[in-house]
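Let me begin by presenting the structure, written as structure tokens, before commenting on it.
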Amino acid sequence: MKIGYACLALAVPGSGMKSCALKNADADHLISLIGHNLDSLERLADYNIKNGISLFRISSDLIPFGSSAAAQLPWAEIYADKLKSTGNKMLGSGMRISMHPGQYTVLNSPDAEVTLRAAQDLDYHARVLDSLGAGEEHKIIIHLGGVYGDKKQAKSRFLSRYRELEPSVRKRLVLENDDKLFNIADVLETASAAGMPAVFDNLHNAVNPAGEITDEAGWIKLCAHTWKTSDGPPKIHYSQQSGEKKLGAHSESIEIDPFLEFLQQLPGTDTDIMLEVKDKNISALKCINCVSKRDIGALETEWARYKYFVLERSAKHYNAIRQLLKDKSEYPAVEMYRIIEEALNQPLLPGSALNAAEHVWSYFTNKASEARKNRFRSLLTKYSLGETGIQAVKNNLMLLAEKYDEQYLLNGYYLYK
DNA sequence: TGACGTCAAGATCCG
DNA sequence: CGGATCTTGACGTCA
């Protein structure tokens, strides 16, 4: 079982994707953006490997306007070496990669232009995976598309469009249930007819359930049967409902206990789990650390990253975790993350926030110029007077961390939220 | 015509 | 001027 995250990572310096407005998308600019994004991809690969994350969705933004303005550019030739080495790095480590065109790639549209653009977009996604040297178990996940007043016809139009696609694209395609139109029963029916694998998304299913009464495990089992050996192990998408936001919105992070309960009722077959969550790699690492028995060193590394983020919410929880990690013969992963979750659910009190900011500032007290000291001090004063938010203070600390290349802080979670 | 979702670019505002 | 914050862009469908 692999657990992974989608597209971008938090607290991984130099891993961001760049894009531009279409009106600025000339060849030179695109080629340089692509170069930048491939560097970022390699940093993501390095990070994933270092942290034992072996499931990863590559951002569709890797090649900006990859199916339109950049479609004719010879990026695969220009960056052949880079693509090959990054691909080797990821695949050689056993990483399973994937891509997921957005909701605007609609293969089953009655509009021939829309269908054509969708096919071009799928072609672009397949070319990315091809150029990395990925085999057909590295998938492209799509949705069925629109209904246009007749679901049955919409499904059959999907089938005929699917059959017209290039084999290089078709062999990678996987169908996923969506949160509005096509539920998991629709997807299973269509995927079976097409001979393509199906992915079950638990939150989409909760928001847009199929008529039949079947529990999650039942659907997951049915989906698993659509995966051939050449497709690799079945995959599912897992996410949790955001408490604050509307139905179907992904949560900020994965709560560990509901996740572990979800795992309990999974069928025995090997399944890969793509998490869809705002804090991306952070939750992926949490789930991986909790399901795999690792060395306590893995938890200490994690704790180092969470430290000030927890301290900001609660000194009590901060100390509890320090105590917890003292016994080096234990591996108290779930306990640690439970305390972290509880700490992060505490309201942010100005006193604690100031305390944590002061701790982080101590990395710079001996280095920072007078001007920077004054700037930070005045921000702290403004914050304590309620004249600015904590984000302004953190942004200032982020600036300093970058200026003085303070890796410990740049790799920690405190500055990113 | 706006909402949907996503992210960063681009624009504008502020001190 | 730098930095913070708001708006736009790019995609297609549906209410």
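Given the structure is predicted, the values throughout are model-derived calculations rather than measurements. Letters go in sequence order (proteins before strands), and every chain restarts at 1.
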Tell me whether the side-chain N/O atoms of A:Lys280 come closer than 4.0 Å to OP1 or OP2 in B:dC7.
yes

With heavy atoms under 4.0 Å as the rule, sort A:His250 into base, sugar-phosphate or nothing.
sugar-phosphate

With a 4.0 Å cut-off on heavy atoms, is A:Gly146 in touch with a base, just the backbone sugar-phosphate, or nothing at all?
sugar-phosphate

Kindly state whether the ring of A:Phe309 and the ring of A:Tyr413 have centres lying under 6.0 angstrom apart.
no

If you find the nucleotide of DNA chain C closest to A:Ser68 and the one closest to A:Gly149, which residue's nucleotide is nearer the 5' end?
A:Ser68

Tell me which pairs pass side chain to side chain donor-acceptor pair (under 3.5 Å) where either residue lies in residues 383-393 of chain A, with sequence neighbours left out.
A:Gln391-A:Asn395

Any protein N or O atoms within reach of nucleotides 10-14 of chain B? Criterion: under 3.5 Å, listing atom names and distances.
residue, atom, partner, partner atom, Å
B:dG10, OP1, A:Asn24, ND2, 2.5

Does A:Ser40 have any side chain to side chain contact (heavy atoms under 4.5 Å, CB included) partners at least two apart in sequence or in another chain, and if so, which?
A:Met17, A:His36

Which ones in residues 375-393 of chain A lie close to DNA chain B, meaning a heavy atom under 4.0 Å from one of its atoms?
none

Using five pairs at each end of the helix from B:dT1-C:dA15 to B:dG15-C:dC1 to define an axis, what is the angle between those two axes, to 10°?
80°

Salt bridge (charged side-chain N to carboxylate O under 4.0 Å, His left out) partners of residues 46-55 of chain A, not counting sequence neighbours, each pair once:
A:Asp46-A:Lys89

Classify the nucleic acid contact of A:Ser109 as base, sugar-phosphate or nothing, counting any heavy atom under 4.0 Å across all strands shown.
sugar-phosphate

Which of residues 110-127 of chain A sit near DNA chain C, with a heavy atom under 4.0 Å from it?
A:Val114, A:Arg117

With heavy atoms of chain A within less than 4.0 Å as the criterion, where does contact along DNA chain C begin and end?
C:dG3 to C:dC14

Any salt bridge linking A:Arg172 with A:Asp130? Criterion: basic side-chain nitrogen under 4.0 Å from a carboxylate oxygen.
yes

I'd like to check the salt bridge (Lys or Arg N to Asp or Glu O under 4.0 Å) partners of A:Arg157; sequence neighbours left out, ordered by chain and number.
none

Residue pairs meeting side chain to side chain donor-acceptor pair (under 3.5 Å), one or both in residues 189-201 of chain A, sequence neighbours left out, come to A:Lys155-A:Glu189, A:Asp201-A:His204

Answer yes or no: is there an ion pair linking A:Asp39 with A:Arg43, defined by an N-O contact shorter than 4.0 Å?
no

What orientation do A:Tyr308 and A:His359 show, parallel under 30°, tilted 30 to 60°, or perpendicular over 60°?
tilted

When the ring centroid of A:His143 is compared with that of A:His100, is the distance short of 6.0 Å?
yes

What I want to find out is whether A:Arg305 reaches A:Glu302 closely enough, with some N-O distance under 4.0 Å, to be called a salt bridge.
yes

With salt bridge (charged side-chain N to carboxylate O under 4.0 Å, His left out) as the rule and sequence neighbours excluded, what pairs involving residues 134-146 of chain A come up?
A:Lys139-A:Asp231

Sequence-distant partners of A:Glu358, salt bridge (Lys or Arg N to Asp or Glu O under 4.0 Å), two or more places apart:
A:Arg377

